2 protein chains.
Amino acid sequence: MFNEDELNGNSVASKSNEANLTTITMVYNNNYVKYNLYHISIDVFYSKYGDFHTIDWQRDLARDRIRHKYVVSRKRNIPSGMLYSMWDAGSGWICVLMVGLAAGAIAGIIDMGARWMSDLKDGICADRFWLDREHCCWSANDSVYKDADCSAWSSWPEMLQFTERNFLYYLFELFFYCGWSLLMTGLAVSLVKIFAPYACGSGIPEIKCILSGFIIRGYLGKWTFIIKSVGLILASASGLNLGKEGPMVHLACCIGNIFSYLFPKYGSNEAKKREILSASAAAGVSVAFGAPIGGVMFSLEEASYYFPLKTMWRSFFCALVAGIILRIMNPFGSDQTSLFHVDYSMKWTFIELIPFAGLGIFGGIIGSLFIWANIKWCRFRKTNKTLGSNPINEVLVVTLITSFLSYFNPYTRKSASSLIKQLFDRCGPEDYMMDLCDYQNKTFSSDKSAFLQLIVALIIKFVLTIYTFGIKVPSGLFVPSLAMGAIAGRLLGITKDGIQSSIWSCQIGKDCVMPGLYAMVGAAAVLGGVTRMTVSLVVIMFELTGSLEFIVPTMVAVMFAKWIGDAIYRLGIYDAHIDLNGYPFLDNKGEYPFSTVAVQVMKPLPEKSFVLGGDPLRVLTQDTMTVSDVEMLMRETDYNGFPVIVNEENYFLVGFCTRRDLQLALLSARKTQAFIVPNSIVYFTSDTPEDQSADPCPLRLRKIIDLAPMTVTGQTPMETVIDMFRKLGLRQVLVTHNGRLLGIITKKDILHFMKKNDNLFV
Amino acid sequence: MFNEDELNGNSVASKSNEANLTTITMVYNNNYVKYNLYHISIDVFYSKYGDFHTIDWQRDLARDRIRHKYVVSRKRNIPSGMLYSMWDAGSGWICVLMVGLAAGAIAGIIDMGARWMSDLKDGICADRFWLDREHCCWSANDSVYKDADCSAWSSWPEMLQFTERNFLYYLFELFFYCGWSLLMTGLAVSLVKIFAPYACGSGIPEIKCILSGFIIRGYLGKWTFIIKSVGLILASASGLNLGKEGPMVHLACCIGNIFSYLFPKYGSNEAKKREILSASAAAGVSVAFGAPIGGVMFSLEEASYYFPLKTMWRSFFCALVAGIILRIMNPFGSDQTSLFHVDYSMKWTFIELIPFAGLGIFGGIIGSLFIWANIKWCRFRKTNKTLGSNPINEVLVVTLITSFLSYFNPYTRKSASSLIKQLFDRCGPEDYMMDLCDYQNKTFSSDKSAFLQLIVALIIKFVLTIYTFGIKVPSGLFVPSLAMGAIAGRLLGITKDGIQSSIWSCQIGKDCVMPGLYAMVGAAAVLGGVTRMTVSLVVIMFELTGSLEFIVPTMVAVMFAKWIGDAIYRLGIYDAHIDLNGYPFLDNKGEYPFSTVAVQVMKPLPEKSFVLGGDPLRVLTQDTMTVSDVEMLMRETDYNGFPVIVNEENYFLVGFCTRRDLQLALLSARKTQAFIVPNSIVYFTSDTPEDQSADPCPLRLRKIIDLAPMTVTGQTPMETVIDMFRKLGLRQVLVTHNGRLLGIITKKDILHFMKKNDNLFV
């Protein structure tokens with residue numbers, strides 16, 4: 001009944017039966033070795049996938065295991081094999097170390113470049129033009145640097161000898177302000193359009209897809225990296241409502257991708273490469289916020305798909321190295337270990353959790369509103385021809401409006417990160433930010449100018465960010481969201497402080513509330529509402545501010561933001577953009593209570609094939625098809641692979657053969673084996689009839705088929721099938737019934753099915 | 001060829017063909033509803049597994065999805081269904097909230113109880129006997145509390161009017177010291193032995209197994225909880241080398257288990273219950289160290305097996321609540337937010353990473369040595385009759401030796417946590433711990449008493465902890481490891497400080513090195529060497545000490561400890577104990593490069609069944625076996641389930657039937673259907689020959705078989721099979737070849753196979 005040879009892999013291997021074995025010549029580090037693989041058709045070196053295809057995790061990981069076995073087998077050769085084995089074991093660490101170093105350095109350069117060019121909007125350091133405003137003032141020995149004035153720094157109108165601050169002065173200032181912004185974004189969008197179209201946007205949605213196994217050629221390439229770095233400096237300097245933080249993750253992943261090619265273990269294996277990319281994503285967040293633990297959590301929670309624990313440790317290392325390098329470069333120009341270091345001496349009280357929850361609800365609402373509006377606008381851009389074909393014009397218009405509107409409001413005019421820093425700060429007696437704490441010196445109602453200006457700033461930022469996120473320049477969303485939330489939180493804090501101080505007789509700004517804490521909580525809430533991050537967001541906020549004390553308020557706000565947000569608009573901004581772009585991303589978070597079984601989802605559907613006579617299942621038989629039959633099958637269909645069955649009568653499953661392997665095998669057979677003719681029979685069996693010296697010489701292709709395809713029975717619940725796709729990283733699964741092949745479910749079918757069900761239930 | 005009804009689940013469902021359907025009456029919250037499940041034989045309420053069995057994750061999760069569908073279907077009934085649905089959605093949060101509250105409270109009580117009883121070893125608070133030493137001295141208004149003396153606290157000899165500190169005084173003190181310790185451990189071990197044998201040890205190895213799906217009845221029960229709480233206080237007070245931290249995780253899991261029964265969604269579903277237990281484990285670490293983020297990381301990295309992201313967020317919440325409650329109770333009696341708060345003003349230099357790496361190497365060596373010795377001793381205890389049957393005697397002997405030896409060394413005499421606190425501290429000018437900083441006032445070589453005493457303390461602790469971990473009292477390992485590491489680190493720090501200050505002219509204790517930092521890094525290194533934790537350990541250390549600055553030194557040390565440790569002794573202490581006890585734990589970390597395929601591991605092995613005629617595969621056929629055949633099969637074998645095939649000739653797979661379902665079905669058929677006789681044919685098919693009114697009336701059991709068993713082909717690499725077991729939580733997988741059933745691989749086979757290969761390769 002059974003072929004003993006087949007059942008017994010090892011004995012087959014020892015017989016070295018060439019028909020059963022794939023003998024692969026490994027070209028590895030200039031050493032040619034033969035490596036016997038029984039029944040597994042895998043070329044150990046390069047897994048080539050088409051653009052916009054999904055990788056086969058199991059296959060790639062199997063390839064890596066074979067490579068690993070080879071390395072282990074050489075270990076006995078002392079010292080070369082031993083050293084090589086050590087190099088192999090350490091290469092992952094070396095790679096992430098290099099990624100960390102590079103990511104930290106690049107982040108530092110971008111930070112400094114963006115700051116310098118951003119300050120050029122307003123003026124220039126007269127003596128040392130290469131310094132930004134802050135360093136310029138420092139260098140001039142203005143020991144206590146204040147936000148207002150410093151002698152060494154000259155504004156543009158001053159350079160043009162406008163000494164008096166009259167109408168003309170401000171007009172010139174406005175002119176320079178807008179002109180510089182337009183120049184910056186014009187340059188950025190042109191660079192992106194000409195050299196690297198993938199360099200625009202935040203990149204996080206695409207990174208999520210890539211980490212889940214999707215291939216987008218060039219998305220993490222060197223051109224994207226260079227153009228995005230330059231474009232990011234330019235775009236940040238323009239004063240648009242965009243952040244550097246999301247693109248930083250993309251840049252770090254580019255670095256990871258580029259360095260991974262130095263290590264064939266990772267560069268030539270798409271599944272293994274994703275381990276490096278996960279670590280890179282962590283490093284990206286680490287340098288963006290100075291938050292190494294938050295970076296790892298982000299990579300784990302938001303970005304990564306396949307995240308073994310080994311990867312976590314390596315990601316942590318990568319994130320930490322990147323963070324240290326950035327700190328050594330010290331682009332923030334401060335001694336603080338965290339970006340928005342806060343140092344509140346006060347404690348919050350439990351009753352304050354109510355306003356914090358309120359901020360969370362606000363964050364959820366405004367986040368959902370933002371996502372909804374942004375997606376609407378992006379969809380409009382996609383469908384509308386005028387808008388879609390003129391990205392440069394769109395960017396310039398948005399820039400002009402942004403810079404014009406921003407100029408007149410002190411809060412929108414300054415950079416988002418210094419605004420956040422200011423809003424997070426407390427109102428101490430020695431405090432310089434008098435405008436925000438001004439109300440404390442008067443009665444609450446007398447002077448509301450700062451209050452009103454903050455409201456205006458919030459509205460401007462909200463509306464403009466909707467139109468900004470998605471334009472064709474590198475643009476992130478973290479900092480604009482944080483800024484919106486910080487403004488809202490500060491507003492609430494000021495209001496509450498004012499009301500409380502007019503009712504109770506607490507000393508204003510000291511005992512009552514800390515408006516800075518409210519700003520911090522609000523920032524977390526809005527960012528939570530927009531991105532729907534949870535643990536990683538809390539950890540990032542905690543590392544951003546350096547205060548373990550305020551983890552509870554942050555958490556309450558983020559929790560409410562997530563709940564309310566999910567209730568209003570189900571997808572976070574990244575998932576919404578993935579959905580908008582139609583990427584094949586299999587979400588690994590949701591739980592889907594379907595009442596469907598595999599047989600109802602597979603192709604061909606049973607009704608069609610057997611009742612209505614629709615498109616039948618296309619298969620290969622193991623020993624009856626001729627070369628021309630196979631070629632015909634490949635011409636007629638565009639499937640990526642075909643199941644191999646025993647024969648057309650009973651459909652017993654033998655294995656699976658990918659289109660690419662089949663193509664290559666036929667091509668090489670035609671070239672090298674002259675006796676193969678169109679009516680040669682193709683044998684996928686292990687025992688070809690060797691004695692038959694029949695005229696059409698048979699073509700033996702046993703070695704190219706995968707004898708271990710994943711199968712499920714027709715009655716398997718779809719939840720289980722989806723679970724298998726997610727956790728095992730499958731590309732397709734074969735559906736059987738009593739051992740007979742019924743159909744096939746591909747990742748596309750799964751995504752289609754999930755989308756259909758989403759529409760039904762949600 | 002195919003039965004259309006079967007292919008088309010939905011149409012079958014609508015026909016409500018009783019033979020095909022399992023109609024389950026759901027008794028849920030006093031509402032009786034009928035719920036139709038096609039082909040899936042699942043009782044929705046109680047999944048009963050035997051003691052020491054492994055759960056079937058897919059089955060339990062499927063049960064929960066059905067429950068969820070039922071809840072969703074009732075959602076339209078406003079308000080009852082709506083409210084019920086909300087309650088259902090929120091119950092997980094409410095449950096972890098309760099767990100967090102309880103865990104925090106229990107931890108506070110245990111901390112305070114242990115401290116009070118521990119201080120009773122030395123003396124008593126004369127006026128207020130219910131106060132521990134620290135609070136006693138505080139209450140007496142000794143404004144600056146010093147380690148040495150305070151008037152309100154009386155030692156036992158003082159109580160007995162020994163005013164002079166002569167030999168008799170010390171003898172009495174020693175007597176009380178040892179006596180009290182013996183009394184404490186005697187009580188603890190008796191309680192454990194009589195009431196709850198599971199209450200001994202750390203519990204973390206077992207928690208790991210339970211979280212991976214293993215069932216140990218009573219391990220998380222209320223008796224274990226009560227006895228372990230009391231025993232932990234007693235054991236901690238005895239001064240043995242054990243910590244409260246590991247058992248705290250066990251206690252938190254007990255709380256999680258007990259509370260989960262209030263919520264049938266979790267209590268009645270073993271797979272879902274593990275979500276609560278994961279959160280509880282996080283809360284346990286959170287209260288043990290005051291480290292909520294570290295707790296989540298610990299649960300993720302070390303304890304949990306199945307950890308969906310939803311669980312992570314909930315774990316974080318649980319850990320945070322527990323941490324807050326503990327802080328409100330304030331058992332540490334300090335304002336600090338962290339247990340061993342450090343406040344070093346100095347920065348470390350990059351060159352110091354070399355001694356830190358050295359500490360890591362030391363940690364790896366000493367950790368491995370510890371594990372090796374401890375496992376040796378535990379194995380000896382298991383096999384030796386005298387020792388194994390006298391746990392009380394063993395405990396008392398260990399206690400006597402420990403308390404006698406500890407009495408004479410100031411560092412072993414004080415509690416481990418205050419020792420760690422002292423070692424972590426810096427030597428400031430205002431510092432009270434003169435003994436440790438003493439060398440700074442003299443030349444390095446003149447006074448080495450503190451140095452030598454520290455070395456003695458290290459040796460005592462190391463040797464005694466080997467014999468202590470594993471005795472029959474509640475005992476953790478975290479704090480003893482930290483203490484050992486802190487001593488070693490401090491020794492290195494002092495040495496380095498001394499050498500440097502004698503070579504360079506840096507101001508001792510200020511510019512040269514911080515011995516406290518070395519102690520901290522050493523503590524992390526030894527704990528890393530013993531437990532082989534990585535990210536979670538770094539995060540815990542960082543939260544323990546509250547300093548983000550020293551994350552890099554800690555990480556370097558932990559990394560080296562892990563590498564060196566893994567090279568010397570492959571398993572961490574918990575995994576080693578799992579191995580020692582023979583628990584079926586499928587490690588989810590390692591990668592195993594096997595060159596084996598499924599067919600070589602399955603039972604029966606092909607050689608045996610077809611060549612040597614060994615034990616053949618035992619199966620059920622779908623329509624030829626009689627009731628007596630089935631009963632015979634069940635009597636003859638003790639397998640937990642049987643594959644169902646079409647017939648003995650071709651072995652085409654139909655489904656899988658568990659032993660328990662079969663037993664129950666036969667039992668109920670015998671009871672309710674009188675016409676079932678021993679030679680009634682058992683039909684597992686969907687279409688029983690209803691027209692045949694043949695004499696032995698057929699028994700239809702289609703509904704009890706699982707029509708969606710997991711299958712792999714015989715040529716599937718074992719790595720893939722293991723991956724499926726791990727990620728999908730399987731109990732068995734069926735091996736097929738061309739649609740025919742070849743054999744079965746159970747979790748036991750996998751574990752056996754992995755163990756065999758471990759021995760081969762490592």
Side-chain angles (χ1 to χ4, degrees), chain A residues 2 4 7-10 39-40 58 62 65 68-69 72 293 296 301 309-310 312-313 316-317 320 324 337 534-535 539 546 548-549 551-552 555 589 593 595 597 599-600 606-607 610 646 652-654 707-709 711-717 719-720 723-724 727-728 736-740 742, chain B residues 2 4 7-10 39-40 58 62 65 68-69 72 293 296 301 309 312-313 316 320 324 337 534-535 538-539 546 548-549 551-552 555 589 593 595 597 599-600 606-607 610-611 646 652-654 707-709 711-717 719-720 723-724 727-728 736-740 742:
Chain A
F2 300 102
E4 202 204 318
L7 295 175
N8 214 333
N10 266 348
H39 299 314
I40 306 164
Q58 289 299 321
R65 284 190 292 252
H68 187 77
K69 268 175 221 162
V72 170
I293 302 173
V296 176
E301 187 186 354
L309 285 166
K310 205 179 56 182
M312 188 159 87
W313 186 219
F316 193 42
F317 177 71
L320 204 63
I324 292 168
T337 54
T534 53
V535 182
V539 177
L548 205 66
E549 270 299 292
I551 204 165
V552 178
M555 192 170 171
K589 278 178 199 151
S595 35
V597 293
V599 83
Q600 296 168 297
E607 298 100 322
F610 300 104
V646 174
F652 292 131
L653 183 65
V654 174
L707 286 169
T711 58
V712 295
T713 68
Q715 297 302 323
T716 310
E719 291 94 336
T720 307
D723 226 32
M724 288 175 72
K727 290 185 178 158
L728 303 175
T736 61
H737 176 72
N738 290 11
R740 293 177 169 93
L742 289 187
Chain B
F2 300 101
E4 203 203 318
L7 295 175
N8 211 334
N10 266 349
H39 300 315
I40 308 163
Q58 289 299 321
R65 283 191 292 251
H68 187 76
K69 268 175 222 163
V72 169
I293 302 173
V296 176
E301 186 187 353
L309 285 167
M312 187 160 89
W313 186 218
F316 194 41
L320 204 63
I324 293 168
T337 54
T534 53
V535 182
V538 174
V539 176
L548 205 66
E549 271 298 293
I551 204 167
V552 177
M555 191 169 171
K589 278 180 199 148
S595 34
V597 292
V599 82
Q600 296 170 297
E607 300 98 323
F610 301 103
V611 184
V646 175
F652 292 132
L653 182 66
V654 174
L707 287 169
T711 58
V712 295
T713 67
Q715 296 303 322
T716 310
E719 291 95 334
T720 307
D723 225 32
M724 288 174 73
K727 291 186 177 158
L728 303 175
T736 62
H737 176 73
N738 291 10
R740 293 175 167 93
L742 290 187

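Below, chain A is the first sequence line, B the second, and so on; all start at residue 1. Just so you know, these numbers come straight off a predicted model, no measurement behind them.
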Can you tell me which of A:F316, A:W313, A:F317 forms the most heavy-atom pairs within a distance under 4.5 Å of chain B?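 Result: the option with the highest number of such pairs is A:W313.
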Heavy-atom pairs under 4.5 Å with chain B are the metric here; pick the option from A:T716, A:L728, A:V535, A:V654 that has the most.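 Max contact count across the listed options: A:V535.
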With a 4.5 angstrom heavy-atom cut-off, is it the side chain or the backbone of B:L653 that approaches chain A, or both, or neither?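 Interface part for B:L653: backbone (N, CA, C, O).
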Mind checking side chain to side chain donor-acceptor pair (under 3.5 Å) for B:T736 and listing every partner two or more places apart, or none if nothing turns up?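 Applying side chain to side chain donor-acceptor pair (under 3.5 Å) to B:T736 gives none.
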According to side chain to side chain donor-acceptor pair (under 3.5 Å), who are the partners of B:T711, at least two apart in sequence or on a separate chain?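 With neighbours one apart ignored, the set is A:T711.
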Closest approach of A:L707 to B:T713 (non-hydrogen atoms, all atoms of both residues):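 So the two residues come closest at O-OG1, 2.7 Å.
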For the atom pair CE (B:M724) and CE (A:M724), what is the distance rounded to the nearest 0.5 Å?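 So the CE of B:M724 and the CE of A:M724 are separated by 4.5 Å.
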Residue pair B:I293 / A:I551, side-chain heavy-atom distance below 4.5 Å: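 They are in contact (side-chain heavy atoms under 4.5 Å apart), so the answer is yes.
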